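Here is the structure we will look at.
Reminder, nothing fancy here: chain letters follow the sequence lines and each chain counts from 1. Just so it is clear, the values below take in all heavy atoms, side chains as well, and ignore hydrogens, waters and symmetry mates. Remember, predicted model here, so these are calculated numbers, not experimental data.
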Amino acid sequence: MARHLGPRLVQCYHCRHRFEVSSRAQSTSCPGCNKALMVGDEHITKLRGPLKELRTCGRITVSKRGRLIAETIEAHGGIDCQGIIDAKKVLSGTTVTLGPKCDYHGDLTAPAVEMQKGAKVKPSMFAVPSDPLGLTELPEAGESG
Amino acid sequence: MAESGDTTVVGADSHFKGELSFERVAKINGKFDGKITGKGELQVSQNAQCKADVDATGVQVDGLIEGNLNAKDTVKLNGSGVVRGDITAAKMVMTEGASFHGMCAVGPDSGRASSSAPSQPAPGGGPTGGQGQPPKK
Ligand SMILES: [Zn+2]
């Protein structure tokens, strides 16, 4: 997916402070709370976990052979799962895609879900749509005058 | 309630209360309160409001369902569809834009278990939600 190269607006998942980062940044520290922050995309192509949490302001993709096990998963840029996600709580800022071979487990809060035929879901609470990150008013970076 | 061919239709200007069972296809265009059981596919049209627990082979949702859905085959939750209740199905397709608050269990085992899944009629036709009460904001 093509991304514009200018700065992008992110929101800290610790204190919800919003600020701009370079499009290439993978991590930074939040000017609001000084805590370390992952802002890059995470590509899971093999087993990752069990983790206590995986949080990023970017996007999480789990490939067909990927397996992500974590108590909490938070991705402000959305989640694309073609493999396995096993979590207690999953929070996404944009659409979550569950592919035809995916095996999903975790209470999900997201503004939209695209579930393709063949996806398996172990009993999980879905809250869709919602605005879990309060991002609905998030403007495109560089658009503000 | 009307029948056209093999399809049982609750018309757009109708409000049906009670229990509906069908063999092939049932289409809700208006309001329905109660319980729906069928061997075929239930279609809930865009402006339809259905407060019912549903047990069918397939369910296609373009309107509103408040209640639990059990499908032995596929639940299709289209972009305008809203489900407040639990979904248990062998397969499920959900389109971006659809709204769903409740427990979700999808897979061949879930589909098989659907006929024995707990499903109590909603008192007063309200959303049962089961354990699937959406988190309060
Ligand atoms: Zn912060």
Side-chain angles (χ1 to χ4, degrees), chain A residues 1 16 59 67 71-75 77-137, chain B residues 41 58-61 64-66 68-114 116-119 127-137:
Chain A
M1 199 189 301
R16 305 299 179 208
R59 182 173 172 79
R67 186 176 178 191
E71 273 191 31
T72 304
I73 296 170
E74 182 170 349
I79 296 170
D80 181 358
C81 181
Q82 305 294 331
I84 298 172
I85 284 182
D86 192 349
K88 280 188 182 165
K89 193 175 160 190
V90 178
L91 203 60
S92 177
T94 67
T95 302
V96 172
T97 302
L98 302 177
K101 304 264 182 187
C102 110
D103 203 327
Y104 177 88
H105 179 228
D107 291 351
L108 175 65
T109 308
V113 170
E114 186 193 344
M115 192 188 300
Q116 290 159 7
K117 199 167 185 170
K120 287 180 197 160
V121 180
K122 293 197 183 91
S124 307
M125 178 74 204
F126 275 43
V128 182
S130 64
D131 185 19
L133 311 171
L135 288 176
T136 45
E137 290 166 31
Chain B
E41 186 181 73
V59 184
Q60 187 166 319
V61 189
L64 166 71
I65 295 185
E66 290 185 352
N68 297 333
L69 297 188
N70 279 322
K72 287 172 191 72
D73 192 28
T74 306
V75 169
K76 279 186 194 164
L77 184 47
N78 296 326
S80 59
V82 178
V83 173
R84 295 186 200 126
D86 302 345
I87 296 179
T88 310
K91 294 170 214 154
M92 180 165 160
V93 177
M94 185 169 170
T95 309
E96 206 171 338
S99 171
F100 170 32
H101 282 239
M103 285 296 288
C104 180
V106 180
D109 300 337
S110 307
R112 241 176 275 146
S114 69
S116 60
S119 171
T128 57
Q131 35 183 332
Q133 282 302 319
K136 291 186 174 72
K137 281 177 78 177

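Closest heavy-atom contact between A:P129 and B:A98: CD-O, 4.3 Å.
We find the CE-NE2 distance between A:M125 and B:H101 to be 7.5 Å, quoted to the nearest 0.5 Å. Atom CG of A:L98 and atom CE of B:M94 lie 9.0 Å apart (nearest 0.5 Å).
Contact of B:T95 with chain A is made through the backbone alone, with heavy-atom distances under 4.5 Å.
Sorted by first then second residue, the salt bridge (Lys or Arg N to Asp or Glu O under 4.0 Å) pairs that include residues 103-126 of chain A, not counting sequence neighbours, are A:D103-A:K122.
Every residue meeting the ring-ring contact (aromatic ring centres under 6.0 Å, His included) condition with B:F100, not counting sequence neighbours, appears here in chain and number order: A:F126.
A distance-only check finds no donor-acceptor pair linking the side chain of A:S124 to the backbone of B:C104 [under 3.5 Å].
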